[in-house]
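Only heavy atoms go into these numbers, but all of them, side chains included; no hydrogens, no water, no symmetry mates.
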Amino acid sequence: MATRWGVCSAGKISHDFLVALGTLPATEHQAVAIAARDLARAQEYAQKHGIPRAYGSYEELAQDPDVDVVYVGVINPEHLPVGRLFLGAGKHVLLEKPLGMNTAEVRQLVQLAQSQGVFLMEAYWTRFFPASERLHSLLSQGAVGEPKVVRVEFGLPLLGCPRLVQKELGGGALLDIGCYCVQFATMVFGEERPESILASGFLHPTGVDEMLSVILNYPGKRQAVITCSMVTLLPNQAAISGTKGIIQLPSQMWSPTELVVNGQHEEFPLPAPSQPLNFTRSTGLRYEAQHVRQCLLKGLRESPIVSLAHSELVASIMDEVRRQVGVTYTQDRA
C-alpha cells in the first residue's frame, strides 16, 4: 500500500518536495492532500501536482483521515505550533529543519510525538542522498582511520531574501543553512557532544546572524571547523581528515552527488525532475521520503539515521553558538 502524504504549505520547498515525490513509484508514494492558509494557493499546487484535495487551513489537513504522514515546510517560527497540530492529531510528521527555534521547542515536539506514539523526523534530506549513505559506510569501514578534523562550509548571497533577515520570521544564517554544517559534524563524530564550542560572527542590522564561524572541540583532540554565510558565496565543500586519509565533498555539501575518497572520485547522479525546481538538486528530497516510508513500514517512531536525540544535540549546539554571537529570538524567552 502506498504511503499517503499530506503537504503543509504551498511554498517553494513544498513544490520541490512534490516534484521529488513524483520521481517515485505511485504504488509507494502518493500526495493526497495539500494545505495552505491561502486556499487559492493550495488549489494551484493541487492542480499542478495532481493532488486530489486542497485545504485553506492546516486544521483541515490534520483531520483528513486519508493522510498517513505530513510534510511540513512552513517558516521556522511556525515549526512548533504547526508540528504540535499534526502530532496532536495523531499524524506522522516529517518536519523541515530546524525542528524548533531552540532546544526547548525541539523537546516539546519530541515529547508530544512520543506521548502520541507517532513518527517524527527532522528533514535533514542531506543524510539520505546515495553519496551520504556511501560516506557513512566509508566512515564505518574506517576508510580514513579515526576522523580528526572536519571542515564544512555553507554560504550563499541571501540577504535579498526577506525571510532570512527578519528576526520575527526566524531568519539568520545559522538556523537556515548553518544547521547543515552542525549536523554534518555531529554525524561524523558519532553524535558526541563537543566538550567546547567557540563561535564568532557578525550580525545584520535586524539582529540576526549573517556570517559566523564555529569551532567544535571533541575529546581526543578532534575538531570541527564550520563557516556559514548569507552574505557571500562560499566554496560549499566539506572534508573529513582522518589518521589514514581524507574524504571530500567537493560541492554543495548539503546535497552531495560526488565524493573524493583518498583521491578517487565517485559520482552519484540524481534523477531528472519532471518540472522546474526552485532549489538545485531537489529531486534528492525523494530519498528522505523513501526513508520515512521504510520507517513507517517497520513500525518505527523515529529515524535511526536522524534520531530525535540527534535533533536535540544539534539544537543545543546552535543555542550555544547563538548565545556567543548574540542572537536571541522571542522564542528564547518563552
About how many Å separate [atom2] of [Y] and [atom1] of [X], when rounded to the nearest 0.5 Å?
X: Ser311; Y: Tyr124; atom1: OG; atom2: OH; result: 7.0 Å
X: Tyr218; Y: Gln223; atom1: OH; atom2: CD; result: 10.5 Å
X: Ile177; Y: Lys97; atom1: CD1; atom2: NZ; result: 8.5 Å
X: Glu105; Y: Gln331; atom1: CD; atom2: CD; result: 5.5 Å
X: Arg134; Y: Ile247; atom1: CZ; atom2: CD1; result: 8.0 Å
X: Asn102; Y: Tyr329; atom1: CG; atom2: OH; result: 10.5 Å

| said: Evaluate Lys48 against His15 for side chain to side chain contact (heavy atoms under 4.5 Å, CB included), listing each step before the verdict. | reply: CA-CA 9 Å; Lys48 183 184 297 184; His15 165 82; 3.9 Å; yes

Quick check: does any side chain N or O of [X] sit under 3.5 Å from a backbone N or O of [Y], one acting as donor and the other as acceptor?
X: Gln43; Y: Ala54; value: no
X: Gln166; Y: Arg163; value: no
X: Ser132; Y: Phe128; value: no
X: Glu258; Y: Glu267; value: no

Would the number of heavy atoms belonging to other residues, nucleotides or ligands and lying under 6.0 Å from [atom1] of [X] be above 12?
X: Glu146; atom1: CD; result: yes
X: Arg301; atom1: CZ; result: yes
X: Phe202; atom1: CZ; result: no
X: Glu168; atom1: CD; result: yes

| Can you get from Leu94 to Phe86 by hopping between Ile, Leu, Val, Met, Phe, Trp and Tyr side chains that sit under 4.5 Å apart? | no

| field | Check ion pair Asp64-Lys91 (N to O, under 4.0 angstrom) | value | no

| Going by an N to O cut-off under 4.0 Å, is there a salt bridge joining Arg151 and Glu153? | no

Could you check whether [Y] and [X], counting side-chain N and O atoms only, form a donor-acceptor pair closer than 3.5 Å?
X: Ser9; Y: Ser14; answer: yes
X: Ser316; Y: Arg193; answer: yes
X: Ser115; Y: Gln111; answer: no
X: Gln63; Y: Glu59; answer: no
X: Asn236; Y: Gln252; answer: no

Restricting to non-hydrogen atoms, name the atom on [X] and the atom on [Y] that form the minimum distance, rounded to 0.1 Å.
X: Cys181; Y: Ile226; value: CB-CG2, 3.4 Å
X: Val327; Y: Asp332; value: O-OD2, 4.3 Å
X: Met121; Y: Val306; value: CG-O, 3.9 Å
X: Ile34; Y: Ala42; value: CG2-O, 3.6 Å
X: Ile51; Y: Ala33; value: CG2-N, 3.4 Å
X: Arg281; Y: Trp125; value: O-CZ3, 3.4 Å

| query | Are Asp319 and Arg322 close enough, and set up right, to give a side chain to side chain contact (heavy atoms under 4.5 Å, CB included), and what steps lead you there? | reply | CA-CA 5 Å; Asp319 282 356; Arg322 290 195 295 109; 3.3 Å; yes

| remark: Which of Glu288, Glu96, His49, Lys12 passes side chain to side chain contact (heavy atoms under 4.5 Å, CB included) with Phe17? It is Glu288

Tell me, do [X] and [Y] make a side-chain contact under 4.5 Å, heavy atoms counted?
X: Phe129; Y: Leu270; value: yes
X: Val144; Y: Ser241; value: no
X: His310; Y: Arg127; value: yes
X: Thr3; Y: Val292; value: no

| For Val231 and Leu159, what are the C-alpha separation, side-chain angles and deciding distance, and is it a side chain to side chain contact (heavy atoms under 4.5 Å, CB included)? | CA-CA 6 Å; Val231 178; Leu159 292 180; 4.2 Å; yes

| request: Applying side-chain hydrogen bond (donor to acceptor under 3.5 Å, both in side chains), run through Glu320 and Gln324 and close with a yes or a no. | output: CA-CA 6 Å; Glu320 175 59 19; Gln324 293 186 25; 2.8 Å; yes

| said: Test side chain to side chain contact (heavy atoms under 4.5 Å, CB included) on Phe119 and Asp68; report intermediate values, then the result. | reply: CA-CA 10 Å; Phe119 179 88; Asp68 300 317; over 6 Å; no

